[in-house]
Every structure is written in structure tokens, then in C-alpha cells.
Amino acid sequence: MGFLDILLGRTKPAAPDLDRLFAVPSAAVTLEAAAGFTPTGRGSVCFTTVEGGAFTRIREDVEELLDADAERAGSPVESSRDEYGYTWLLSRRGPADLTALAGDLHAVNTALEGSGFGPQLLCSLVGFENADGQALGLVYLYKRGTFYPFAPLPGEKRDSALELRIKAVLADDLHIEQDLARWFPVWGAPGL
């Protein structure tokens, strides 16, 4: 960061810290005890859509890497595109295997980052739900290195009060995004 950046009030963006994804399993214990939300076993990675052979090879490498896990049954990762044109890679694990799911999300992010697709990475999401079926996602913002809760309601509405309560509950467990304007809705995200 140079002198002109300091004068103009520019700040250097936080570097992504993918290892923060490994804090989710311990945060899940707090989340269940304090708010009654348990993991669904689903998580996803979102990035700007990339076309071409290089990305296809990376996707195949990621699938091969995740498929190497002998404990996993079925497809290791599913790819889909949302209505906004973003690509999502969804991983499924047993609800009790949150540590392996965090490892899957870390592996997908690391593979994409290591292959030069880091600037296209947007977020990762880990799904939770309570006994009433209320969905909750813990969203990791790749470019900020922070998490925020997303609690969708039917009709593309959000349960903002629940999101703020979860923010307070997980303040000691996760690096929570403090700028609420960056708590973007991820409607229909795979894994939610």
C-alpha cells in the first residue's frame, strides 16, 4: 500500500484465509447448543462462471479428488448454474461428518485458487436447519475472509432477527463479517 493509497483512504483488502473453513465444525457445536441448528451435511462453493477446457479439467480433478474418499457414497460433487449465471459446486456428506464437508469445501476452493481461478471465487456455504425445518446457511466470503449467517424464508424473504442472533452466538467461534451490507442473500443456493 502506497502513500497515495493512505491519503485517499484506500485499504488493502483482506487476504482470503481458507483455513477458516475448518472452524465451522466447532462453531456448529455452539450453533446447536445455543440456537438448535444442526448441520444438513450439504455445502457448496460459488464462483463466477468460467467456460473452457481449463475449468473443465479442474472440475474433473476436484471430482476425482473428492471421489477418492472411500467413505463417500454417490456423486462427490454436483455442478449447477443459478439464475444469475454463477456456478455452484455442491458436496454432500452425512450430517455428522461436518469436518469432512469442511475439508471438501477447502479442497474445492484450494483447487480453483491454485489453478488461477481465485479471482472468480465468491463464497462457500454450509447448510444447517432446526427442528422446525428453518434453513440457515453459514456463508464464507472468499474475498473478505469472513462469515455471515443467511436465514431464508419463503417468498425470497430473510429472517433478519435470526441472522443477527446467530451473529451474536457465533462471534467467538467464527470471523463474522461486520459490514451488514455485505450479507448478500444467496437465494436458492445449493446446500441450503
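The shown structure was predicted, so the numbers you read here are calculated from the model rather than taken from an experiment. Residue numbers count from 1 along this sequence.
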For this session: Would you confirm whether K167, through its side chain, and E177, through its main-chain N or O, come within 3.5 Å as a donor-acceptor pair?
Result: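 Pair absent, no side-chain N/O of K167 close to backbone of E177.
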For this session: Report yes or no: does S44 contribute a side-chain atom to a donor-acceptor pair with the main-chain N or O of P190 at less than 3.5 Å?
Result: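 Confirmed, S44 side chain pairs with P190 backbone.
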Problem set entry | Partners meeting side chain to side chain donor-acceptor pair (under 3.5 Å) with T40 (sequence neighbours left out) |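 Partners of T40 by the side chain to side chain donor-acceptor pair (under 3.5 Å) criterion come out as none, since no residue qualifies.
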Heavy atoms, side chains only, cut-off 4.5 Å: are [X] and [Y] in contact?
X: T87; Y: S79; answer: yes
X: L192; Y: W187; answer: no
X: L89; Y: E78; answer: no

For this session: Output every pair passing ring pair (Phe, Tyr, Trp, His ring centres under 6.0 Å) with a member in residues 86-110, not counting sequence neighbours, ordered by first then second residue.
Result: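 For residues 86-110, and leaving out neighbouring residues, the ring pair (Phe, Tyr, Trp, His ring centres under 6.0 Å) pairs sorted by first residue read F22-H106.
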Donor-acceptor contacts under 3.5 Å from residues 122-139 side chains, at least two apart:
{"unit_1": "S124", "atom_1": "OG", "unit_2": "N109", "atom_2": "ND2", "d": "2.8"}
{"unit_1": "N130", "atom_1": "OD1", "unit_2": "D132", "atom_2": "N", "d": "3.0"}
{"unit_1": "N130", "atom_1": "OD1", "unit_2": "G133", "atom_2": "N", "d": "3.1"}
{"unit_1": "N130", "atom_1": "OD1", "unit_2": "Q134", "atom_2": "N", "d": "2.9"}
{"unit_1": "Q134", "atom_1": "NE2", "unit_2": "P152", "atom_2": "O", "d": "3.1"}

Exercise. Going by the side-chain hydrogen bond (donor to acceptor under 3.5 Å, both in side chains) test, which pairs reach into residues 152-165, not counting sequence neighbours?
Worked result: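 Only R158-E163 qualify under side-chain hydrogen bond (donor to acceptor under 3.5 Å, both in side chains).
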Exercise. Which residue pairs pass the side-chain hydrogen bond (donor to acceptor under 3.5 Å, both in side chains) test with at least one member in residues 26-37, sequence neighbours excluded?
Worked result: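 Listed by first then second residue: T30-D173.
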Check whether [X] and [Y] end up in the same hydrophobic cluster, where Ile, Leu, Val, Met, Phe, Trp and Tyr are linked by side-chain heavy atoms less than 4.5 Å apart.
X: L153; Y: L164; answer: no
X: Y84; Y: V186; answer: yes
X: V29; Y: L174; answer: no

Problem set entry | Pairwise distance OG1(T99) to CG(L101) - rounded to 0.5 angstrom |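 T99 OG1 to L101 CG: 9.5 Å, rounded to 0.5 Å.
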Exercise. What salt bridge (Lys or Arg N to Asp or Glu O under 4.0 Å) pairs are there with at least one residue in residues 179-192, not counting sequence neighbours?
Worked result: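 The answer is D179-R182.
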[X] and [Y]: which non-hydrogen atoms are nearest, and at how many Å?
X: L98; Y: A28; value: CD2-CB, 3.3 Å
X: R20; Y: T146; value: NH1-N, 4.5 Å
X: S91; Y: D104; value: OG-OD2, 2.7 Å

For this session: Report the residues that fulfil salt bridge (Lys or Arg N to Asp or Glu O under 4.0 Å) with R57, sequence neighbours left out, ordered by chain and then residue number.
Result: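 Not a single residue meets the salt bridge (Lys or Arg N to Asp or Glu O under 4.0 Å) criterion with R57.
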Problem set entry | side-chain contact (heavy atoms from CB on, under 4.5 Å) between E113 and L18, worked out | CA-CA 10 Å; E113 181 182 63; L18 292 174; 3.8 Å; yes
For this session: With sequence neighbours left out, write down each residue that passes side-chain contact (heavy atoms from CB on, under 4.5 Å) with A111, or none if nothing qualifies.
Result: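 For A111 the side-chain contact (heavy atoms from CB on, under 4.5 Å) partners, ignoring immediate neighbours, are V62.
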Problem set entry | Residue list, ring pair (Phe, Tyr, Trp, His ring centres under 6.0 Å) with F147, at least two apart or on another chain |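 Listed in chain order: Y140.
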Exercise. Looking at residues at least two apart in the chain, or sitting in another chain, which of them share a ring pair (Phe, Tyr, Trp, His ring centres under 6.0 Å) with Y148?
Worked result: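 If we apply the ring pair (Phe, Tyr, Trp, His ring centres under 6.0 Å) test to Y148, skipping adjacent residues, the hits are W183.
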